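Below: one structure, written as structure tokens.
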Amino acid sequence: MTRDGMVSVAATVDSAKKKAAQASRSWILMDSDGEGTILDVDKYAIMHRVQIHARDLRIIDPMLSYPSTILGREKAVVLNLEHIKAIITANEVMLRDPLDDNVIPVVEELRRRLPVRSSANLAQSEARKNLGRNYDAEPAEEDESPFEFRALEVALEAICSHLDARATELENSAYPALDELISKISSLNLDRVRKLKSGMTRLTARVQKVRDELEQLLEDDEDMADLYLSRKLAAAASPASSAAPNWVPASPTIGSRISKAGKTSVATFHGNDDDVEELEMILEAYFMQIDGTLNKLNTLREYIDDTEDYINIQLDNHRNQLIQLELFLSSGTCSLTVYSLLAGIFGMNIPYSWNDDHSYVFKWVVIFSGILSAILFLGVLSYARFRGLIGT
């Protein structure tokens, strides 16, 4: 191998190492106190830390294209919503690409909303200790949602606000462009509206994916119960579940079966059957928001379709006017052909005996030809009007 080849291979290896180091550092860990830490780990360390499978980690890989997904696993929630790719556990959030311009506001919001009110928690714990053996007193109501719900709510709020902002920007650009196209049909305005319509189609597909994922999650109580990580952690720590082995299932199918089988113990631990009400209210709120964004885009699409129909009607009207003009010109040309015919006949070198000393004949021939041409022209127009080919 030549020296240049060795230098090229070394440069390639160094570039690969830099890319691998950059990829490994593209995670930020947010704990329950809102403190962020940049992680220098690879995907295998992440899989071991949050105990998920490789196929779940590939869902949030930016190099791969996966639809919007919210998956509940045994000890984590895998979240893939547009630019927000995160792994949520019962006490921490791992967010991908923290230096991205769209992800930085999410990190700041997580840092602000993840910490709970310490004074309220202390007062609540003291009240529970004092009323622990008093069965007549009602248990203190929790003021804060579980950690995973607060993190999930931040992600949903960020993605819904982001998509709604994109829809508003598209509206502000589309309506003036459509009005200008109505007033003046030109190639520049048509190309501008075409680009806006393409952008609207792509944005509608993105919004539809998020909406479908939320709708699918709301329709399945078992999937929503999988997102209750704190309850599953509390149920696993209870004496009834202490005998259960603490290991990661070999496959997501087995894991889902174990998760479904453990829901009975979770419901028994909490003493109620309707244990997804809190998450359902959160999901319904953001489902209504994303549905409103989708309705906004559908309204814009209908306005574009109406504009296209109006433009097509205008073009058809112009086309009909051109056809009428062509009919008028063709009728006039056909009528004037009579003059050409008479001129051709009288232009022949043929002697006419009645032309001698009868100059008045020329005058009558011209008058008769004009009347015949006018009758022919009016007859063609009357027939076209009678058949509805031209307007009244």
Side-chain angles (χ1 to χ4, degrees), residues 59-60 62 64-71 78-86 100-103 105-106 109 152-221 223-224 227 276 279-317:
I59 293 176
I60 56 177
L64 303 176
S65 178
Y66 279 90
S68 299
T69 307
I70 302 176
L71 295 178
V78 181
L79 190 69
N80 178 25
L81 295 175
E82 294 289 327
H83 55 272
I84 301 177
K85 303 177 185 299
D100 187 79
D101 294 337
N102 294 323
V103 182
V106 182
E109 190 68 15
L152 179 61
E153 188 173 2
V154 169
L156 290 176
E157 181 179 355
I159 197 62
C160 291
S161 301
H162 175 76
L163 293 176
D164 187 71
R166 300 289 82 76
T168 303
E169 291 178 0
L170 187 63
E171 275 188 331
N172 296 333
S173 301
Y175 285 114
L178 292 172
D179 295 338
E180 186 175 356
L181 179 62
I182 291 175
S183 60
K184 181 181 179 181
I185 301 175
S186 62
S187 300
L188 182 62
N189 292 335
L190 287 173
D191 185 67
R192 183 182 176 187
V193 172
R194 179 189 62 82
K195 293 179 180 179
L196 290 173
K197 187 175 181 181
S198 300
M200 185 202 64
T201 302
R202 292 192 296 268
L203 182 59
T204 302
R206 293 164 55 189
V207 173
Q208 186 68 47
K209 289 178 182 178
V210 178
R211 181 188 180 278
D212 292 342
E213 180 62 24
L214 293 179
E215 184 179 11
Q216 182 179 0
L217 197 59
L218 282 169
E219 291 177 352
D220 196 335
D221 291 343
D223 289 342
M224 284 192 288
L227 304 183
V276 295
L279 178 60
E280 188 175 5
M281 289 188 297
I282 295 175
L283 294 178
E284 282 180 352
Y286 293 103
F287 175 79
M288 295 298 295
Q289 183 176 353
I290 200 68
D291 189 63
T293 304
L294 184 60
N295 291 334
K296 185 186 300 183
L297 292 173
N298 290 332
T299 303
L300 180 59
R301 177 183 293 275
E302 292 177 358
Y303 189 80
I304 292 177
D305 293 339
D306 294 340
T307 303
E308 290 179 349
D309 294 339
Y310 178 75
I311 292 174
N312 290 330
I313 292 174
Q314 277 189 333
L315 294 177
D316 291 339
N317 185 32

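In what follows, every heavy atom counts, from backbone to side chain, and hydrogens, waters and symmetry copies are set aside. Fair warning: this is a prediction, and the values are worked out from it, not measured in the lab.
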Measure the spacing between [atom1] of [X] and [atom2] of [Y] and express it to the nearest 0.5 Å.
X    : Y    : atom1 : atom2 : result
L283 : Q216 : CG    : CD    : 12.0 Å
M200 : I304 : CE    : CD1   : 4.0 Å
T307 : E302 : OG1   : CD    : 11.5 Å
I290 : I159 : CD1   : CD1   : 7.5 Å
L217 : L279 : CG    : CG    : 6.5 Å
I282 : L218 : CD1   : CG    : 11.0 Å

For [X] versus [Y], what's the shortest heavy-atom pair and its separation?
X    : Y    : value
L196 : S173 : CD1-O, 3.6 Å
S68  : E213 : O-OE1, 3.4 Å
A174 : L300 : CB-CD1, 3.7 Å
P176 : E171 : CD-O, 4.2 Å
A167 : L297 : CB-CD2, 3.8 Å

Would you check if the side chain of [X] reaches a backbone N or O of [Y] as a donor-acceptor pair within less than 3.5 Å?
X    : Y    : value
N172 : T168 : yes
S183 : E180 : yes
N317 : I313 : no

I'd like to check [X] versus [Y] (side-chain heavy atoms, cut-off strictly below 4.5 Å). Are they in contact?
X    : Y    : value
L156 : I84  : no
L79  : K85  : no
S161 : E157 : yes
L214 : I70  : yes
L227 : L152 : yes
D164 : K296 : yes
R206 : H162 : yes
R194 : L190 : no

Ion pair check, [X] and [Y], cut-off under 4.0 Å:
X    : Y    : value
E215 : R211 : yes
E82  : R166 : no
K195 : D191 : yes
K209 : D212 : no

(message) Using the rule given for side-chain contact (heavy atoms from CB on, under 4.5 Å), can you reason through D221 versus M224, listing the C-alpha separation, both sets of side-chain angles and the distance that settles it, and then say yes or no?
(response) CA-CA 5 Å; D221 291 343; M224 284 192 288; 3.2 Å; yes
(message) Go through it in stages, so that I can follow the logic: the residues are K197 and E308, the test is salt bridge (Lys or Arg N to Asp or Glu O under 4.0 Å), and I'd like the CA-CA distance, side-chain angles, deciding distance and then a yes or no.
(response) CA-CA 11 Å; K197 187 175 181 181; E308 290 179 349; 2.9 Å; yes
(message) With a sphere of 6.0 Å drawn around OH of Y310, does it hold more than 12 non-hydrogen atoms of other residues, nucleotides or ligands?
(response)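 No - once you tally the heavy atoms of other residues, nucleotides and ligands closer than 6.0 Å, there are 12 at most.
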(request) Decide whether S186 and N189 meet the rule of one side-chain donor and one side-chain acceptor closer than 3.5 Å. (result)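 On atom types as modelled, these side chains qualify, holding a pair under 3.5 Å.
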(request) Consider only side-chain N and O atoms of T69 and N80, and report whether a donor and an acceptor are under 3.5 Å apart. (result)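 Not at all, the side chains of T69 and N80 share no donor-acceptor pair under 3.5 Å.
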